[in-house]
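Structure first, then comments.
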Protein chains: 2
Amino acid sequence: MSEEKREEKRSGRTGGDRVAAICIALRRAIIERALLPGDRLPEDSLGERFGVSRTIARSALGQLAAEGLVDLRRNRIAVVAVPSFEDARDIFDIRVDLERQVVRHLAGKLTEAQVKQLKSMVEAEHQARHGAEGISIRLATEFHVRLAEMTGKPVLIRYVTEICYRAGLSLAVFSRPHSSDCAVSEHLELIEALRTGPVEKACTLMEEHLEAVASRALLQSSGARSRSLMDILAPYAE
Amino acid sequence: MSEEKREEKRSGRTGGDRVAAICIALRRAIIERALLPGDRLPEDSLGERFGVSRTIARSALGQLAAEGLVDLRRNRIAVVAVPSFEDARDIFDIRVDLERQVVRHLAGKLTEAQVKQLKSMVEAEHQARHGAEGISIRLATEFHVRLAEMTGKPVLIRYVTEICYRAGLSLAVFSRPHSSDCAVSEHLELIEALRTGPVEKACTLMEEHLEAVASRALLQSSGARSRSLMDILAPYAE
DNA sequence: GCATTGCAAAATGCATACAGTTTTAGCATG
DNA sequence: CATGCTAAAACTGTATGCATTTTGCAATGC
């Protein structure tokens, strides 16, 4: 019996979905730009890092590929997806439609508790704005995902989440470094519009916000790096 | 371009032509209502039917689960997804947005060859309208998917395809049997509007068409059946 | 009659082995 | 120094085996 198995038994964990755990870790690494588009993701190293076999790592890669975050080519090492400029444009177009639906469902219907939670998330964004760029981007993304979650509509949540992560990945390709991709003030205005109600006002605000985010992504960043996958993922392996 | 190749592009997965082949077969069986919501899909039987190991069957099920066509629960047999009424409503809401984008991209820009191809597809629908109900539904779905493909936008194609299949699955749950879910004449009008051009007219037509499809789905069909998975899939295993 | 228990069969979760392909590294050659 | 060749290393594709969990069903008790 392997070390991991013993650990599992001792901690009482029934082997709760390890594929999902890896997906979550990788999504986070990608959205925080710890993993950049094109970075390689060999099944072996992944499995080793997370203490599972290739089977599990492979399954996680398949899942992420279905979400558009990973590129799989036959007999080739998986890589973090590299969205084309056209892809990025299409992703944002779809994102606008989806998030408009979120706004329509939420405008004027947020509870006090929800408003409070959203504000605290924006506060966290504010705190992080001079720290690591990756954290800011993740927090901004999580704000949008949280909004979707507040609709309570599983299908909408799923698509908004996916498209937000893909948008974040696209920005990693096309936005210049250190451009604040999601202005904190815009999120605050959005909350206010959602709280006070008029649907059209809130929709417009969301559209303008997303269009602004997309517009800020203009220059292409390159940056050859030589980093170790094992090191990058260290903080993400549970 | 072959069906499989298109599939590869759409899902971004080349990993295993065999996985893709099973996905295609199952999608088709589901959209044709040969497989109904709730039907069980054991890895063993699937693998046996398609001549592959459980590994491959399992991977295909994972892919379809990511697309919302299959329900996976830990340690349980996979089943064809059973969308709730709310899911169905949300799926159609998203579908309207996505297909509106398709229309906006295509209106007034279709080539003669494309118009011809679309018309021939509608003709096929017309031919099939008194045959097996499943075939009609599949052809109608393929019409919408083909429209999306004509935009040449991979991201849009992927989401429209997925949402169309999910919509078809939803109709299997909620539409009464023998209600023609996608009127042939509406598809013809749509082609005409796309050909002659005015974007707004075409958009409105698409919205009305999809709203009509959704509206026709009112009663719930039940139907306990005792059928063999092996038999059902016989015509779908290449 | 109906709920409950127990057990064998069935099915999944996961690791691993092996075959086949791609990538890499080293080395010889021009 | 660049280029091409070759063999080893690295990596993926797939099947299979074992452990664990669920399921079907008959026996049991109320």
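We name chains A, B, ... by the order of the sequence lines, and we start the count at 1 in each one. Just the heavy atoms: all of them, side chains too, but no hydrogens, waters or symmetry mates, feed the values below. Source: prediction; values computed, not measured.
Contact check on B:Glu125 versus B:Arg129 returns no salt bridge, with no Lys/Arg side-chain nitrogen under 4.0 Å from an Asp/Glu carboxylate oxygen. At a threshold of 4.0 Å, the pair A:Glu86-A:Arg89 does not count as salt-bridged, since none of the basic side-chain nitrogens sits closer than that to a carboxylate oxygen.
B:Ser53 has a side-chain polar atom (N or O) that falls below the 4.0 Å cut-off from OP1 or OP2 of D:dA15.
The CZ-P distance, from B:Phe50 to D:dT14, rounds to 15 Å in whole Å. Note: CG (B:Leu46) to C1' (D:dA15) measures 16 Å, nearest angstrom.
Going from atom CG of B:Leu169 over to atom CD1 of B:Ile31 covers 7.5 Å, rounded to the nearest 0.5 Å. Between the CD atom of A:Glu32 and the CD atom of A:Glu133 there is a distance of 11.5 Å, given to the nearest 0.5 Å.
Judged by distance alone, the side chains of A:Glu162 and B:Tyr159 do bring a donor and an acceptor atom under 3.5 Å apart.
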What does the list of N/O pairs under 3.5 Å between the protein and nucleotides 9-12 of chain C look like, with a distance for each?
unit_1: C:dT12; atom_1: OP1; unit_2: B:Glu43; atom_2: N; d: 3.1
unit_1: C:dT12; atom_1: OP2; unit_2: B:Glu43; atom_2: N; d: 3.2
unit_1: C:dT12; atom_1: O3'; unit_2: B:Asn75; atom_2: N; d: 3.4

